[in-house]
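See structure below.
As the structure is a prediction and not an experimental result, all values here were calculated from the model. Below, all heavy atoms of this structure are taken into account, side chains as well, without hydrogens, waters or symmetry copies.
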Amino acid sequence: MVACLAQWRQSIVECDDAGLPDRVRDIESVSRMVYSVMLDTVADLDSRSIATTAGFRDTQQLLTSMVNLSPTEAGIRVAHAAQLASRRTLTGEVLAPLLPNTAEALAAGEIGPGQVRVITEPIGCSYTTGHGQRTASPTRRNLAGWAHW
């Protein structure tokens, strides 16, 4: 992979002006695909309890230490992995991701971590019902364009 990236970097230097926008799109798409692979790997780390075996409290703490992420970013990756990676039952049966359309779009490079955050975060607004209970209130900003994911 590293060798391919070095070749890609060289091809950018050699690229003409007309081809450069396509390179940017390609790089962004591949970057999104790599994030999907990272989430699959994080899910495996978590399901195999590698963090606790290695002496860490949890996978978030392991990621924070292992790849120098902030605790917040490590937590986001663990949360995204829980929602977008395939899961296994105790008997080993593979289950689809909780958000299969989002997982598929990320793996295809169509959306990135920013869009995944919008899709997976709880809706931030709330309102009080007639019975005094607080419930989520979808807003246009939170849902526009993402309802199909």
Side-chain angles (χ1 to χ4, degrees), residues 1-12 22-149:
M1 236 167 128
V2 173
C4 287
L5 289 174
Q7 289 174 346
W8 208 350
R9 185 180 308 274
Q10 185 58 39
S11 75
I12 292 167
D22 288 335
R23 294 289 162 93
V24 170
R25 280 189 284 277
D26 291 344
I27 291 166
E28 182 59 30
S29 182
V30 169
S31 173
R32 293 168 175 190
M33 292 175 194
V34 169
Y35 187 70
S36 175
V37 173
M38 171 60 85
L39 296 184
D40 290 341
T41 307
V42 169
D44 265 3
L45 279 172
D46 203 44
S47 71
R48 297 182 195 187
S49 301
I50 289 175
T52 54
T53 302
F56 293 92
R57 181 180 65 247
D58 54 24
T59 302
Q60 178 181 349
Q61 190 181 53
L62 172 67
L63 288 175
T64 298
S65 175
M66 186 173 63
V67 292
N68 199 25
L69 295 175
S70 72
T72 300
E73 182 61 30
I76 288 168
R77 289 192 188 181
V78 170
H80 287 174
Q83 295 173 313
L84 301 181
S86 296
R87 303 162 291 134
R88 291 191 184 274
T89 65
L90 293 175
T91 60
E93 179 186 359
V94 178
L95 301 175
L98 294 174
L99 299 172
N101 294 340
T102 303
E104 185 179 317
L106 181 63
E110 297 168 1
I111 62 172
Q115 289 92 348
V116 170
R117 283 183 181 153
V118 170
I119 294 165
T120 60
E121 284 179 357
I123 297 170
C125 299
S126 65
Y127 67 95
T128 304
T129 67
H131 302 290
Q133 298 173 335
R134 294 181 67 83
T135 59
S137 171
T139 65
R140 263 188 152 153
R141 185 179 99 32
N142 296 93
L143 297 179
W146 303 107
H148 65 283
W149 300 110

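The two atoms that bring L39 and A81 nearest to each other are O-CB, 3.3 Å, heavy atoms only.
Under the side-chain contact (heavy atoms from CB on, under 4.5 Å) criterion, V94 pairs with S86, R88, sequence neighbours left out. The side-chain contact (heavy atoms from CB on, under 4.5 Å) check on A82 picks up nothing, with sequence neighbours excluded. Every residue was checked against the side-chain hydrogen bond (donor to acceptor under 3.5 Å, both in side chains) condition with E93, not counting sequence neighbours, and none meets it. Considering only residues two or more places apart in sequence or on other chains, T72 meets the side-chain hydrogen bond (donor to acceptor under 3.5 Å, both in side chains) condition with none of them. Legend: residues meeting salt bridge (charged side-chain N to carboxylate O under 4.0 Å, His left out) with R117, ordered by chain and number and at least two apart, are E73. Qualifying salt bridge (charged side-chain N to carboxylate O under 4.0 Å, His left out) partners for D26, counting only residues two or more places apart in sequence or in other chains: none. A search for salt bridge (charged side-chain N to carboxylate O under 4.0 Å, His left out) contacts involving R25 returns D22, not counting sequence neighbours. Applying the side-chain hydrogen bond (donor to acceptor under 3.5 Å, both in side chains) test to R23 and every residue at least two apart in sequence or in another chain returns S11. Every residue was checked against the side-chain contact (heavy atoms from CB on, under 4.5 Å) condition with Q7, not counting sequence neighbours, and none meets it. Residues satisfying the salt bridge (charged side-chain N to carboxylate O under 4.0 Å, His left out) test with R48, not counting sequence neighbours, are D44.
You'll find the side chain of V42 reaches within 4.5 Å of the side chain of M38, heavy atoms only. Looking at L98 and R87, their side chains come closer than 4.5 Å, going by heavy atoms from C-beta outward.
Once rounded to the nearest 0.5 Å, the distance linking CG of L63 with CG of L69 reads 6.0 Å. To the nearest 0.5 Å, the span separating CG on L99 from CD on Q83 amounts to 5.5 Å.
Residue pairs meeting the side chain to side chain donor-acceptor pair (under 3.5 Å) criterion with at least one partner in residues 29-41, sequence neighbours excluded, are E28-R32, Y35-H80. Pairs passing the side chain to side chain donor-acceptor pair (under 3.5 Å) check and including a residue from residues 50-70, sequence neighbours excluded, read D46-T59.
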Determine, stepwise, if the pair I76 / T120 fulfils side-chain contact (heavy atoms from CB on, under 4.5 Å).
CA-CA 10 Å; I76 288 168; T120 60; over 6 Å; no
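Proximity of a side-chain donor or acceptor of E121 to a complementary backbone N or O of V118 within less than 3.5 Å is not detected.
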